[in-house]
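Everything numeric here is computed off the predicted structure, so don't read it as measured data.
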Amino acid sequence: MSTSLIATVAVAAPLDKALSYLVPHALREQARVGVRLRVPLGRRSVVGYLLGLAEGESAGLKEIKEVLDEAPLFPPEMIPFFVRAADYYGHPLGEVIRTALPAGLSGRGEEVSIRRENYYTPAAMAGEPAGARQRELLAFIRERNGAPLSELRRAFTAPHASLHRLVEQGHLTEAEVEVHRDPFLDAPVPADCPVTPSAEQAAALAAISVALDSGSFSPLLLHGVTGSGKTEVYLRAIENALERGRTALVLVPEIALTPQLVGRFRARFAGRGGRIAVLHSGLSEGERYDAWRAIARGEAAIVIGARSALFAPLPAPGIIVVDEEHEASYKQAEGFRYHARDLALLRGQMAGGVVLLGSATPAVTTYHRARSGQLGYLPLAGRVEGRPLPAVELVDLREARPEGDSSLSPPLAAALEETLVRGEQALLLLNRRGFAPFLLCADCGTTFRCPNCAITLTFHRGRRQLRCHYCDHIETPPELCPGCRGSAVEPQGAGTERLEEELSTLFPAARIARMDRDTTARKGAHQSLVERMLREEIDILVGTQMVAKGHDFPRVTLVGVVGADSSLNLPDFRSAERTFALLSQVAGRAGRGETPGRVLIQTYSPDHYALTCAAGHDYEGFYQQEIACRQALDYPPFGYLVNLVLAGNEEPKVLRAAAALADGLQRAAGEAEVLGPAPCPLARLRGKSRVQILLKAPERLPLRRLLARLPELRKKIPSGVALVVDVDPVDML
Ligand SMILES: [Zn+2]
Ligand SMILES: [Zn+2]
């Protein structure tokens, strides 16, 4: 009996196990581990991922129909990582791999038109050219270690003739390079000015070098206050990794919001043999596929991207940096609900690399790990150049009441006035977009709610719309109250749109701009706001938490937080942690230049430890209080959670299914607690009724045992009710 070539394939379908297929003779050459395949499954044909090849018995096996990629999309070393991730999150392996690969990879990669342009690098040649203009050009190119024509055109008018002469004389070499249509490439690259590391930075770097040399898994927490120079540590640590012939993976919370950070990486590594691949949502599907294949071919030494870049096919990264590791956006909110920071630790462990978690406000669970010795601890307690942290004042709204409909307390209004008089910039945070969070009829109490979700519709005055911020349902606000036919319908509370309007009335001469999801939806809009801030064309920037992220505006001397209470009062055990992190982060935007900064936080809860500790720049104090609450309630890090959410159109059916599931789980619970079923805080979302069951245990093992029973219990859930399994949930709403 002859043997055949058998492929192990994970199909992109909710199946527990990988399947075996016969590789037909015609496809033997193309079938390599890491490519996508088209395979039959029942009567359908589905996409699968080739995980292994072996000679074996072919009886009863179906044949692979088609090989979809010319070259593997991931190296074989990543397969055990995918398997562990699938196992940990209780998610089908094929779905895990599908999530890991770039979105939109449904068929073959589309053809991408590649643009090319000239790139000039300085030649190793002594002497200077004759003309002043040529000398100027050459100095510019030398400073950058090479520059493409497009950049030179921006900096000099008609540089062609001079460039030509410089090449002829041997001062420059000219080469054609591929240009990706990449919004980040169009962003000006800041001059790279590496500073001498501070004593703290040097100590952190020394520890990272030791870890790199050890060649074994080294998880580290870089705990640096805002403005302490964490990025410089990342850059130098990556240089050290590259010098050792290793590669680097850098994760940032939202790539579109971090052009300055990406710019610094470009400035440091461009033209130094450290090719950088930036994975971001601005790439078309084809470009993303190309970037992915280039990484898989080993052409990139550094990959930068948001959450999903964690899966970039870099062979054995020597260092994985997770910037702002506490950010909730590292958790995928649907489908395969992984946490990129946690999987970065797993990947680093399997690759024997350094995992560097950076934050000014580490997650409570992360800091707890550092304190218990599971993570190395690298503190940066001081700001660069000894700049002081800004003075933070809490404004008690019960005493310093804003007048009438105003959102601004007298102290904040006065501080804005003073800042404008001094010609400096201010940043105002109000974490709610739109004009007003709801409309209310003062006569009959009518409000306007989303028909699909259990929340009120937000009023957007500019567009004259009532919008649901969850499902994007849109209505036109009525002229008269639908309840009483009266005309007393008024916007209640304030969002960023209303605050912007109030500011322009209050300070008519000031240049005011708004940064939120509504004003930055257009491509490039966010970056243009950042650039206008840097050029000081804006006096007051109003915005949602977007304004708190990663910007370095040296002329901002006043930061105001208009309302700190909305995030504090969310029904989620992490609300204090999130509020503390957000306030610390936005406060850190003040006084990053030479002028010291001032921060005013308006609140109704000035005694809450999340606020007092943020005001005192006291992470340790916050941690001590928060960890005590967690311990009292067995929340992470003292307990582990799995959230099961059942959702469906018919509420009674969802409730029955949830009760039956909870009952089944209860019987198998062992040491785990089964809490609920209870309605989710958002009991209706996008037209579905939602009920949750929370599983809680002091160790992971009882939860894993319980999850192992799910496939069997799942069978009893009727059609029309969906079950979502969320291991280590972050969003509990
Ligand atoms: Zn009414
Ligand atoms: Zn809705």
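In the model, Ser198 has no side-chain atom that pairs as donor or acceptor with a side-chain atom of Glu200 under 3.5 Å. Remark: the Thr496 side chain and the Asp516 side chain contain an N/O donor-acceptor pair separated by less than 3.5 Å.
Without hydrogens or angle criteria, Gln201 side chain to Gly229 main chain gives a donor-acceptor distance under 3.5 Å.
Annotation: the span from Gln602 atom CD to Leu600 atom CG amounts to 7.5 Å, rounded to 0.5 Å. Atom OG1 of Thr361 sits about 10.0 Å away from atom CG of Leu583, to the nearest 0.5 Å.
Every residue was checked against the side-chain hydrogen bond (donor to acceptor under 3.5 Å, both in side chains) condition with Glu243, not counting sequence neighbours, and none meets it. Here Tyr640 pairs with nothing under the ring pair (Phe, Tyr, Trp, His ring centres under 6.0 Å) rule; sequence neighbours left out. Legend: residues meeting ring pair (Phe, Tyr, Trp, His ring centres under 6.0 Å) with His469, ordered by chain and number and at least two apart, are His460. For Arg667, the salt bridge (charged side-chain N to carboxylate O under 4.0 Å, His left out) test picks out Asp663, with sequence neighbours left out. With sequence neighbours left out, the side-chain hydrogen bond (donor to acceptor under 3.5 Å, both in side chains) criterion links Thr247 to no other residue. Glu620 meets the side-chain hydrogen bond (donor to acceptor under 3.5 Å, both in side chains) test with Tyr367, Arg371, Gln624; sequence neighbours excluded. Residues meeting the side-chain hydrogen bond (donor to acceptor under 3.5 Å, both in side chains) test with Arg341, sequence neighbours left out: Glu325. In this structure, Arg84 has no salt bridge (charged side-chain N to carboxylate O under 4.0 Å, His left out) partners at least two apart in sequence or on a different chain. Residues forming a salt bridge (charged side-chain N to carboxylate O under 4.0 Å, His left out) with Arg630 (at least two apart in sequence, or on another chain): Glu577, Glu626.
The shortest distance between side-chain heavy atoms of Pro317 and Arg246 does not fall below 4.5 Å. Within the 4.5 Å cutoff, side-chain heavy atoms of Met350 are placed close to those of Pro80. Leu644 has its side chain within reach of Leu665: a pair of non-hydrogen atoms, C-beta onward, lies under 4.5 Å apart. A heavy-atom distance below 4.5 Å is not found between the side chains of Val547 and Leu428. Within the 4.5 Å cutoff, the side chain of Pro362 has no heavy atoms near those of the His326 side chain.
Partner of Lys331 under the salt bridge (Lys or Arg N to Asp or Glu O under 4.0 Å) criterion, out of Asp731, Asp726, Asp342: Asp726 alone. Residue Val599 is tested with Val559, Leu427, Leu389 for a side-chain contact (heavy atoms from CB on, under 4.5 Å); the sole match is Val559.
In this pair, Phe336 and Phe311 present their aromatic rings tilted. The plane angle is within the 30 to 60° band. Relative ring orientation between Phe622 and Phe580 is described as parallel, the plane-to-plane angle staying below 30° on a 0-90° scale split at 30° and 60°.
Checked against the 6.0 Å centroid threshold, Tyr234 and Phe265 do not count as a close aromatic pair.
When all heavy atoms are compared, the tightest approach of Thr365 to Pro637 is CG2-N, 3.8 Å.
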Quiz: residues 695-705 side-chain donor-acceptor pairs under 3.5 angstrom, not counting sequence neighbours:
residue	atom	partner	partner atom	Å
Lys696	NZ	Leu633	O	2.9
Arg700	NH1	Tyr88	OH	2.3
Arg700	NH1	Asp728	OD1	3.3
Arg700	NH2	Tyr88	OH	3.1
Arg704	NH2	Asp87	OD2	2.6

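The stretch residues 201-219 participates, sequence neighbours left out, in these salt bridge (Lys or Arg N to Asp or Glu O under 4.0 Å) pairs: Asp213-Arg244. Residue pairs meeting the side chain to side chain donor-acceptor pair (under 3.5 Å) criterion with at least one member in residues 556-570, sequence neighbours excluded, are Glu424-Thr557, Asp565-Thr603, Asp565-Ser605, Ser567-Thr579.
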Quiz prompt | Worked verdict on Arg578 versus Asp572 for salt bridge (Lys or Arg N to Asp or Glu O under 4.0 Å) | solution = CA-CA 10 Å; Arg578 290 212 186 111; Asp572 186 323; 3.6 Å; yes
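Taking a 6.0 Å sphere around CZ of Phe217, one finds it holds more than 12 heavy atoms contributed by other residues, nucleotides or ligands.
Using a 4.0 Å cut-off between charged side-chain N and carboxylate O, Arg98 and Glu95 make a salt bridge.
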